Amino acid sequence: MVNELAQELNDALSGSIAGSLLSDLGKRLYFPKGIIAQSGEAKKLGKTANGTIGMTVIDGSPVALPSVQDIVPALSSRELVAYAPTAGNPDLRALWKEGMIKKNPLLKDKATSLPVLVPGLTAGISYLADLFLDENHSLIASDPSWDNYVLIASARRNASFVQFQMFKDGKFNIEGLKQKMQEEAAGGSVRVLLNFPQNPSGYSPTSAEAKEIVSFVKSLADKGVKVMVWCDDAYFGLDYEDDIEKQSLFAYLADLSENVLAAKIDGPTKEDFAWGFRCGFITFASKGMTENQYDALVKKLMAAIRSSVSCSSTVPQSLLLRAFKNPEFDKQKAAFRTVLEGRYRKVRAFVDSHKSSAIQALPFNSGYFMAFDTKKVNAEQLRQTLLKERGIGTISIDSHTLRVAFSSLEEDQIDSVYTAIYEEADRLSK
């Protein structure tokens with residue numbers, strides 16, 4: 001049974017690609033005209049008194065314990081302890097969209113939804129899965145990929161998790177991606193997740209590769225296939241080579257076709273060095289979608305948020321809003337980016353000058369990570385050996401992929417860490 005409010009949203013999305021791609025849960029989701037909506041009305045119209053929100057208010061402001069308020073004296077009690085709107089602080093949402101367009105000039109004059117704030121990029125992926133995945137709809141992603149993808153898609157949503165081999169012959173395997181998308185297209189729709197810079201490999205496509213991906217999506221759409229692309233842009237902007245595509249695929253897909261729905265999942269947690277803030281954004285775009293349809297889709301997303309965490313934490317939003325307005329923000333961010341690039345350059349130089357019959361570095365050019373194809377050793381065995389014998393922590397993604405986060409290695413540690421990785425891999429392979 002579909003709730004009357006859910007049906008209203010379904011009707012608003014009827015005829016749009018978003019409406020055609022909704023999962024069973026996506027069709028049932030609705031934003032209730034309950035406490036949040038009624039409180040919003042009272043905030044606008046309640047001039048005499050407001051008895052809607054469960055907060056303790058004195059002199060018109062929510063109270064904050066002095067022991068809490070004194071820790072962050074620059075924030076008002078409202079910025080510190082009040083509930084945030086379900087979709088996030090509207091000023092922060094608007095500012096993020098402004099920054100997104102600045103970083104992706106192709107988005108200028110293209111219609112998109114206003115970014116919706118979610119409690120971290122993991123939550124963003126999970127909410128997209130709620131809206132668009134079920135046991136009848138698969139998700140395509142790369143192999144290797146972040147282990148949370150399969151957990152969300154398969155364990156939470158009971159959807160098939162279809163992978164393409166990301167690299168072939170030392171290069172990004174676009175043909176493998178095309179093949180999987182073509183196979184899924186036989187069912188009339190495709191849902192694909194593309195994460196650049198990629199976790200765990202640290203790879204981003206070149207401008208030529210990005211154009212080829214977009215061209216193939218367009219070719220499927222032109223044949224009537226409904227294509228949804230999830231652009232996981234967690235590490236956006238951290239590109240270290242000149243031939244890397246500087247703009248998100250989302251910018252190219254935003255008005256590509258009425259048969260293409262793009263979702264951009266990004267946020268300050270990685271881009272702006274604020275990992276524990278757990279703030280991310282979801283933005284939708286499709287050619288021909290109306291403002292009313294974007295509003296309905298955002299309400300579906302808000303329903304997923306409302307029914308899980310209610311709203312995101314207020315404090316990170318308040319801090320980020322102030323930080324983004326600081327005239328020194330971009331300069332400070334650039335300084336940390338320089339640190340990351342310096343570490344990348346040192347790792348790049350090391351692996352380019354060292355060969356091993358046991359392991360081989362996967363292509364990498366961006367982000368926080370790089371990874372090894374552990375050809376002749378078990379990745380988990382290598383990880384355990386490095387940890388127990390050398391005191392070095394790494395991550396085994398699967399039996400043949402070892403991830404190293406050069407982001408967390410000091411430059412003067414890199415040579416010794418990578419020397420140990422090569423030595424232990426060679427020793428285990430004998």
Side-chain angles (χ1 to χ4, degrees), residues 2-23 25-41 43-44 83-101 107 110-121 123-133 191 228-233 248 250 253-255 258 260-267 279-312 317:
V2 175
N3 178 278
E4 180 181 347
L5 294 176
Q7 190 58 53
E8 287 180 11
L9 297 178
N10 294 341
D11 291 343
L13 289 168
S14 178
S16 72
I17 183 172
S20 69
L21 290 174
L22 287 174
S23 67
L25 174 57
K27 291 175 183 176
R28 295 195 302 271
L29 283 172
Y30 63 93
F31 192 70
K33 294 178 180 177
I35 294 172
I36 301 300
Q38 294 174 46
S39 296
E41 290 180 2
K43 187 176 180 181
K44 293 178 181 178
Y83 288 120
T86 303
N89 183 308
D91 294 334
L92 182 59
R93 294 171 66 196
L95 203 58
W96 188 261
K97 183 171 184 177
E98 180 183 312
M100 186 171 66
I101 294 171
L107 287 174
K110 293 185 180 182
T112 72
S113 67
L114 186 66
V116 173
L117 190 138
V118 293
L121 276 75
I125 298 293
S126 186
Y127 293 144
L128 288 180
D130 286 347
L131 288 170
F132 299 105
L133 290 186
R191 293 156 181 79
M228 184 175 188
V229 182
W230 302 9
C231 302
D232 181 348
D233 291 344
S248 169
F250 179 83
L253 299 167
D255 65 347
E258 292 182 355
V260 176
L261 176 61
K264 190 177 197 297
I265 312 100
D266 56 15
C279 280
F281 292 91
I282 295 179
T283 309
F284 296 107
S286 180
K287 184 177 182 178
M289 274 190 69
T290 66
E291 186 175 339
N292 184 52
Q293 288 170 335
Y294 279 129
D295 182 66
L297 184 54
V298 165
K299 280 189 169 65
K300 292 274 188 184
L301 176 55
M302 289 170 63
I305 298 169
R306 175 67 175 154
S307 61
S308 55
V309 296
S310 186
C311 64
S312 298
Q317 297 182 59

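Because only heavy atoms are used, hydrogens play no part in the values below, and waters and symmetry mates are left out as well, while side chains stay in. In this text the structure is predicted, and so the values were computed from the model without any measurement.
- Note that OG1 of Thr290 and CG of Leu13 are 8.5 Å apart. Values are rounded to the nearest 0.5 Å.
- Taking Ser14 as the reference, nothing meets the side-chain contact (heavy atoms from CB on, under 4.5 Å) condition, with sequence neighbours excluded.
- Side chain to side chain, Tyr83 and Ser310 fail the donor-acceptor criterion of an N or O pair below 3.5 Å.
- Counting heavy atoms from C-beta on, the side chains of Ile101 and Lys97 come closer than 4.5 Å.
- Distance CD1/Ile17 to CD/Glu258: 9.5 Å, rounded to 0.5 Å.
- The shortest side-chain heavy-atom distance between Ser312 and Cys279 does not fall under the 4.5 Å cut-off.
- In this structure, the side chains of Arg93 and Val116 come closer than 4.5 Å at one or more pairs of heavy atoms.
- Atom CG of Leu131 and atom CG of Leu301 lie 6.0 Å apart (nearest 0.5 Å).
- Closest heavy-atom contact between Lys264 and Asp266: NZ-OD2, 2.6 Å.
- Note that CG of Leu128 and CH2 of Trp230 are 5.0 Å apart. Values are rounded to the nearest 0.5 Å.
- With hydrogens and angles ignored, the 3.5 Å screen pairs a side-chain donor or acceptor of Ser286 with a backbone N or O of Val260.
- Annotation for Phe132 and Leu21: closest pair CD2-O, 3.4 Å, computed over non-hydrogen atoms.
- Around atom NZ of Lys287, no more than 12 heavy atoms belonging to other residues, nucleotides or ligands sit under 6.0 Å away.
- Side-chain contact between Leu261 and Met289: present, with at least one pair of heavy atoms (C-beta onward) separated by less than 4.5 Å.
- Side chains of Val298 and Leu114 form no contact here, defined as non-hydrogen atoms less than 4.5 Å apart.
- Annotation: side-chain contact (heavy atoms from CB on, under 4.5 Å) contacts of Ala285 (sequence neighbours excluded): Thr112, Phe250, Ala254, Tyr294.
- The one candidate from Leu29, Leu25, Asp130 that meets the side chain to side chain contact (heavy atoms under 4.5 Å, CB included) condition with Lys300 is Leu29.
- Using cut-offs of 30° and 60° for the angle between ring planes, the Phe281 and Trp96 rings count as parallel.
- Side-chain atoms of Thr86 never come within 3.5 Å of backbone atoms of Arg306 as a donor-acceptor pair (strictly under, hydrogens ignored).
- Taking both residues in full, the closest heavy atoms of Pro119 and Ala123 are given as O-CB, 3.6 Å, listed atom of the first, atom of the second, then distance.
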